[in-house]
Protein chains: 2
Amino acid sequence: MAQDSAPLSARDRAERIEEILRDRICVLDYPPGMRLSEAELAEEFGISRTPLRRVLARLESAHLLHSVHGVGTFVTDLADEELDQIYRLRIELAQLAGRLDPVPPSTALLTQFRDLADRAMALQPDPETPRPFAQLIMDFILAQSQLCANKPLMEVTQHLYFQTARIWVQSLFTSSLDLAEELSVFAREVADVLAALEAGDLDAAASIHRTHISLSYRRMRARRETGA
Amino acid sequence: MAQDSAPLSARDRAERIEEILRDRICVLDYPPGMRLSEAELAEEFGISRTPLRRVLARLESAHLLHSVHGVGTFVTDLADEELDQIYRLRIELAQLAGRLDPVPPSTALLTQFRDLADRAMALQPDPETPRPFAQLIMDFILAQSQLCANKPLMEVTQHLYFQTARIWVQSLFTSSLDLAEELSVFAREVADVLAALEAGDLDAAASIHRTHISLSYRRMRARRETGA
DNA sequence: TCGGGTGCTGTTGTGCACATCATAAGCGAA
DNA sequence: TTCGCTTATGATGTGCACAACAGCACCCGA
């Protein structure tokens, strides 16, 4: 039977909706501070508020949403200090991913990395539409996380990335001065990681990733200083 | 007005119930595999199923519960491999807690550690009632997590502890041979950490904690080998 | 005796109506 | 005019009835 016509279970539907909403938050379709309407979302996905609220509750426990009785459900923002703490933790965990249960990439995953490298080279920076750039980086992060077989570490890594992604993209697109440079830096990171993977050096790939997280965070802080 | 009589908001009520249920899972009041009844829990807490289900959804996203349509809601178990991965991650994070935003303990927190040390010394091992021992260790973990000001790291550390706690306690109380020894080992850990804290060496405290997690995991694996 | 179909029972999942709450507009008196 | 109260509105939170589903006992026919 065709997969598409297979009826999705309640759990699968909820999981899919959660992914969609998380994606929209991370690529700034729903920017920090934006109010989401339970009624509108329920209508969009063709369900009632009850199962939708279950999804929102999960996103709230992931610190991506925040509901206030009688007011609304809002996309969360991050204070500078929290952002700083998360980034320093992400840097440590990225290094850790090379040491804890590293797995060589399958040929399919290698192909995926090559596609990512191509996409990065081909992408034209457009200050008006952050989505393509944000989505590209997100796909890269998800691919990178497949290099580590330690599932809890992978989950935590992604969880922390989801929290910082929108803030980083936002800082990049509000000043929008360094967009082209940031894109070329990212393209080089993908190329470097790909080279390390083809050489079979997983720890090197992790170190490169770690370094780029660290450097991109420094550049973001520099933007924050000059912008403020 | 008195704090106790202050009406709890919906959010606070839910948070409180979540803590209670998580506590019951971690100290084996609800052992792995046990079925929980939404209706009974709702009645116990004097609310309807709707808000209770919100709490259960959050515990499910923390991998402590698992609901199956038409069957029931069950306390999750952990396969050996998952347990292994979580423990190795916990060991790394425990070390990290000494390096990332360490904070000297307040006098109140030091007092709390001394109380914990006293409780550990005074506790009589009883193979029939794991609760006192499990609760003591949980309180120690929560106190220890206050030595690190990096909130995301603290959250992750606690989250991972909640997942392993019940399995560790269960392995200890099913064989129940090493209970007295394990208790004395724990008492020494608390004493060692307390000594390090009184000397002002936070990194040493973290290292001691890390070592004890590692060793207690080895002892658990040894029990698993001999028991099977 | 055995196999399979069928209904029963109890569970989680969903939809809907209403309660509760926060906000802002409206309005009247000082 | 301006301050403060009232009211209207729209949001999330809750309770309840029912739908969907899985498992089990039961029963009937071969």
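Sequence lines set the chain letters: A, B, ... in the order given, protein chains first and strands last, and positions in each chain run from 1.
Comparing D/dT12, C/dG13, C/dT11 by their nearest atom to the side chain of B/R35 picks out C/dT11. When distances run from any side-chain atom of A/S67 to the nucleotides D/dT12, C/dG13, D/dT14, the shortest one goes to D/dT12.
Each of B/L36 and A/H69 was matched to the nucleotide of DNA chain C holding its nearest heavy atom; the match closer to the 5' end belongs to B/L36.
For the salt bridge (charged side-chain N to carboxylate O under 4.0 Å, His left out) with A/D29, the lone residue among A/R131, A/R166, A/R24 that qualifies is A/R131.
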Task: Residue pair A/R88, B/D101: steps toward the salt bridge (charged side-chain N to carboxylate O under 4.0 Å, His left out) verdict - done: CA-CA 10 Å; A/R88 279 184 289 123; B/D101 307 289; 3.0 Å; yes
TODO: Please step through salt bridge (charged side-chain N to carboxylate O under 4.0 Å, His left out) for the pair A/R99 and B/E92, ending with a clear verdict.
DONE: CA-CA 10 Å; A/R99 237 171 50 232; B/E92 299 290 339; 2.6 Å; yes
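Rounded to an integer number of Å, the gap from NE2 of B/H66 to C1' of C/dT12 is 12 Å. For the pair A/E40 CD and D/dA11 P, the computed distance is 8 Å after rounding to whole Å. Rounding to whole angstrom units, CZ of residue B/R13 and C1' of C/dC21 are separated by 13 Å. The nearest whole Å value for the distance from the CD atom in B/E38 to the C1' atom in C/dG13 is 9 Å.
Between A/T73 and D/dT12, a side-chain N or O to OP1/OP2 separation shorter than 4.0 Å is present.
Side-chain contact of B/E155 with A/H63: a donor-acceptor pair under 3.5 Å is present, judged by distance alone. Side-chain contact annotation: A/Q163 with A/H159, donor-acceptor N/O pair under 3.5 Å present. A donor-acceptor contact under 3.5 angstrom links the side chains of A/R90 and A/T164, judged on distance only.
Contacts of residues 43-60 of chain B with DNA chain D (heavy atom under 4.0 Å): B/I47, B/S48, B/T50, B/P51, B/R54.
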